[in-house]
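As a basis for the values below, the full set of heavy atoms in this structure was taken, side chains included, without hydrogen atoms, waters or symmetry mates.
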Amino acid sequence: MKKGKKILSGILAASMLMTMTACGGDDTSSSADTSSADNAVQAEDTGSDAGAQSEDTGSEAGTQKDYSEKITVSWAEVIEGDEGIDYTQDDVYKTVQEKFNLDIEVTPLTWGNWVENLRIWINSGDMPDVVNWNYVHSEFMDYVDQGLVRKLDDDWKERWPETAKLYALTGIGEELDELLGGTYCLPVPIYFNNKPAETLTQHYQTYMRKDWIEAVGVEVKDYYTYDEFLDLARKMKEQDPGNVGANFYPITSYSNMLVSGLVYQMYEHSSPDKIFYKGDDGKYRWGGADEETYEALKWIQDAWKEGLIHPEFYTLNQGEDEDMMTIAGTSAIFWAGGLSSNYSMFANEMSQNGLNPDESLLSAFLVDNDGKFHGLETANYFGALLFNPDMDDATFERVMDAIEFSCTQEGQLLMNLGFEGVDFEVESDGSLKALTEEDPLSTYPSIRFFQTFATRRDDFQIINPSTPQQYRDKQVEQYQDKYSLLADDTLAKIDWDVVFHSSNAMNQVQFTYPDEYSQLIVKDGDLRENWQNWVDEKMSLIQPVLDELDAK
Amino acid sequence: MTAQDLRRGKKKSLAENARHTCFSVWKHRQIYVILFLPVLWYIIFAYIPMAGLQLAFKDYKANLGIWGSPWNGLENYQYVMRDPAFFKAIGRTLSINLLRLVFVFPFPVMFAIMLNEIRFPRYRKFLQTVMTFPNFLSWVIVSSILINILSFDGMVNGLLSLIGLETVNFLGSEKLFQPLLYMTDVWKSSGWNTIIYLAAITGIDQSQYEAAEVDGASRWQRIVNITLPNLLPTIIIMFILTTGNLMSAGFDQIFNLNNSAVKEVAETLDMYIYRITFQSAPDFGFSTAVSLFRSIVNMILLVLADRGSKAMGGNGLFA
């Protein structure tokens with residue numbers, strides 16, 4: 001099997017080589033034309049100027065590219081998966097390596113440490129050549145101001161047109177260009193070919209034990225109101241359909257997700273993304289001090305005191321909560337991102353533990369008791385690529401070529417699925433078909449790295465044939481359902497004035513809200529009094545920010 | 001005597017002093033060789049970095065470096081003073097560490113005396129090894145063990161349930177957080193700190209004990225009248241050194257035992273500095289301003305403790 005794959009890989013590589021050579025003389029405009037951003041997948045669509053071969057030539061606006069010099073680049077990003085994996089040994093990595101004569105030294109980060117590690121590295125001058133960084137505007141402005149990140153050449157959009165196309169789709173890219181008079185980062189686009197709804201909102205949702213919901217006599221639905229959700233949790237606690245025993249707490253999520261899934265969900269301006277907003281009087285407000293935030297906290301505290309939420313949710317780490325439901329079978333509900341890959345992963349875990357996921361796993365989201373969904377308008381990017389200012393031009397250009405390749409459909413296919421004819425094929429209607437039952441992530445560990453190379457994996461997940469169709473449909477449906485349930489007064493829109501506000505005062509109010517809210521939920525004493533004290537204490541730091549925003 | 005004569009005399013005296021110093025250094029060269037590395041360590045890692053303290057009065061820019069960043073006067077301190085969390089952190093740090101002096105500091109002294117009184121050497125060595133071992137565990141490991149033991153479904157709560165008692169929220173209780181700090185500190189570091197006092201006890205002139213025994217003194221009387229008075233200089237030195245750390249001790253421990261439920265009672269000055277430096281948008285000038293403040297207070301406390309000790313007739317750190 002492996003040998004067969006290698007032979008096929010070799011044939012594919014050879015055919016690609018010929019294709020690239022044939023495309024070698026294409027100019028920029030033809031690159032743009034042949035890499036259209038529609039859903040149709042064309043294996044021949046290799047017209048990007050990034051498609052140059054090692055020790056060969058590609059094209060870039062009619063100029064020859066010389067990849068004869070081996071270049072090594074260090075790259076740090078969050079990679080989900082087991083530790084200790086070598087991402088540089090499989091054929092996908094080797095194909096990219098050979099294509100650009102580029103060795104990539106991958107520094108894998110976790111969701112738990114990436115913000116802090118990158119912050120330290122960037123500020124201390126120890127930043128890898130490229131980092132996939134959690135974008136925080138006030139910090140970004142500091143980095144730009146201090147020369148800690150590289151400015152892209154003014155003509156980069158002409159030189160790397162596919163990257164520029166996706167850059168334009170992020171919403172923030174052009175705004176930043178205008179603000180800074182140039183490009184200092186590449187925001188990482190979430191959706192580009194397969195955007196599921198007109199307005200993107202938060203994608204996290206609940207994953208529940210479907211069989212237990214049915215066992216306690218509650219209807220299985222795509223979304224529940226808060227009252228229905230509370231009733232469901234109560235019934236589960238009372239009836240304990242899984243016979244877990246006294247230590248059964250239906251809702252189990254770690255602080256960050258519990259707060260995201262409930263507090264931010266119940267009141268959109270409690271979320272750090274939208275916590276500064278313009279009130280009806282035209283003055284800026286801080287959502288933390290709003291009564292709705294208190295009410296959301298009170299709702300959760302009551303549920304926690306009632307024993308419906310894990311008593312020590314604040315000690316849980318990411319992953320522990322999902323394991324309790326999908327592996328240990330000791331909880332019934334947790335929150336996670338609404339990606340088809342997540343759905344598929346949880347289903348696999350349940351299968352391995354003797355459960356039929358079709359009968360046991362439900363993904364749903366919460367809406368207000370009036371049926372409206374409270375949404376946070378999400379710009380079409382998550383994180384941004386930053387480049388080390390000390391990186392030499394040759395390395396930077398090679399990296400940009402690789403990024404350009406990742407933005408083409410050829411790159412997307414290779415970096416998410418593997419090789420055509422070996423791992424997948426393109427159907428006559430343009431859809432993709434998996435040729436193997438093996439998970440590409442197992443066959444090619446480097447896909448874990450490449451699938452978030454310069455784009456988020458959310459987009460490709462929708463057409464990824466290695467994920468069952470029902471989960472992919474669910475990913476799209478949840479966006480569409482949320483969008484259809486949004487109302488004007490329940491959608492917190494992006495306010496670029498706030499997003500782009502940068503000052504020392506703003507830096508001082510970058511609180512870790514999940515921790516702040518969790519502490520209020522579990523703190524002894526009267527919640528209203530505790531919350532009011534918290535608000536009063538924070539206001540001495542918040543007020544200068546509100547004054548600055550009002551003065552704009 | 002003319003002024004010129006006086007200068008010549010002083011010159012002669014300085015030259016003599018220098019020669020005397022050189023002679024003394026050469027005479028004790030082995031000690032200076034041993035001292036060389038520690039002194040070098042201090043110079044490189046303690047004194048040279050002190051130049052970075054200027055950041056407390058600067059608007060730090062990474063591209064300009066520490067020396068090139070522009071001065072901003074007391075602006076960083078204005079930001080510090082605006083943050084109520086800073087003052088709370090000071091109060092909390094002092095409260096935790098003062099109570100640590102009361103509840104944790106005496107344990108190594110007591111253990112040392114108790115170990116000294118054990119007659120069976122093998123048993124004493126065994127106990128000392130058992131007590132010293134936890135010192136070699138990192139706080140990461142200790143806190144993991146503790147979380148497993150004290151969680152809602154851990155060993156302690158399991159036992160409480162078994163005997164029909166209500167379970168206790170150990171990990172999320174603000175009231176229990178400080179007692180947990182003291183208990184774990186005693187468990188982890190008392191055995192190690194005992195070594196210092198045991199060494200001091202070993203140095204006590206045995207003839208004092210022999211004379212007391214001849215005079216018919218009981219074991220308790222020997223402890224109170226011989227061991228403790230002889231230990232007092234060591235206790236005082238350790239007390240002064242601990243006082244000098246009142247504003248900073250215990251970061252590893254608190255960091256690892258911390259969670260969002262006890263965040264408010266766990267934010268000591270070290271944790272505050274850590275948060276403003278690494279967990280939010282970094283402002284190294286601001287962080288350095290807080291660190292400098294902490295160091296100055298620590299130094300004042302150290303000097304005060306030294307003077308206090310001397311005023312009460314005890315020993316001090318400084319001549």
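Closest approach of A/D515 to B/S260, counting heavy atoms only: OD1-CB, 3.4 Å. When every heavy atom of B/A261 is checked against every heavy atom of A/Q519, the shortest pair comes out as O-CG, 3.8 Å. Heavy atoms only, all atoms of each residue included: B/A62 and A/L148 are closest at CB-CD2, 3.3 Å.
Heavy atoms closer than 4.5 Å to chain B are found in both the backbone and the side chain of A/S540. A/Y249 touches chain B through its side chain: at least one heavy atom from C-beta onward sits under 4.5 Å away, while N, CA, C and O do not. Interface remark: A/A246 contributes no atoms to any contact with chain B (heavy atom separation under 4.5 Å). For B/F87, no part sits under 4.5 Å from any heavy atom of chain A, backbone or side chain. Proximity to chain A (any heavy atom under 4.5 Å) is shown, for B/I147, by neither the backbone nor the side chain. Interface remark: A/N123 contributes backbone and side-chain atoms alike to the contact with chain B (heavy atom separation under 4.5 Å). Interface remark: A/N504 contributes backbone and side-chain atoms alike to the contact with chain B (heavy atom separation under 4.5 Å). Contacts between A/P389 and chain B at a heavy-atom distance below 4.5 Å are absent for every atom of the residue.
Within 6.0 Å of CZ in A/F500 there are more than 12 heavy atoms belonging to other residues, nucleotides or ligands. Atom CH2 of B/W67 has 12 or fewer neighbouring heavy atoms from other residues, nucleotides or ligands inside a 6.0 Å radius. For B/F36, the CZ atom counts as loosely surrounded, since its 6.0 Å shell holds 12 or fewer non-hydrogen atoms of other residues, nucleotides or ligands. Sparse packing is recorded around CH2 of B/W192, with 12 or fewer heavy atoms of other residues, nucleotides or ligands lying under 6.0 Å away.
Put simply, the side chain of A/E312 never gets that close to the backbone of B/G172: no donor and acceptor are under 3.5 Å apart.
A distance of 3.5 Å separates CD in A/E516 from NZ in B/K263, rounded to the nearest 0.5 Å. How far CD of A/Q146 is from CG of B/D59: 8.0 Å, rounded to the nearest 0.5 Å. One finds the OG atom of B/S151 at 10.0 Å from the CG atom of A/L316 (value rounded to the nearest 0.5 Å). Between A/Y314 atom OH and B/N258 atom CG the span is 12.0 Å, to the nearest 0.5 Å. In this structure, B/Y79 OH and A/L541 CG are separated by 10.5 Å, a value rounded to the nearest 0.5 Å. Rounding to the nearest 0.5 Å places NZ of B/K61 at 4.0 Å from CG of A/D145.
Chain A forms the most heavy-atom pairs under 4.5 Å with one residue out of B/R275, B/E75, B/K175, B/E264, and that residue is B/E264.
Considering A/K538, A/E537, A/M539 as possible partners of B/P84, the one that fulfils the side chain to side chain contact (heavy atoms under 4.5 Å, CB included) test is A/E537.
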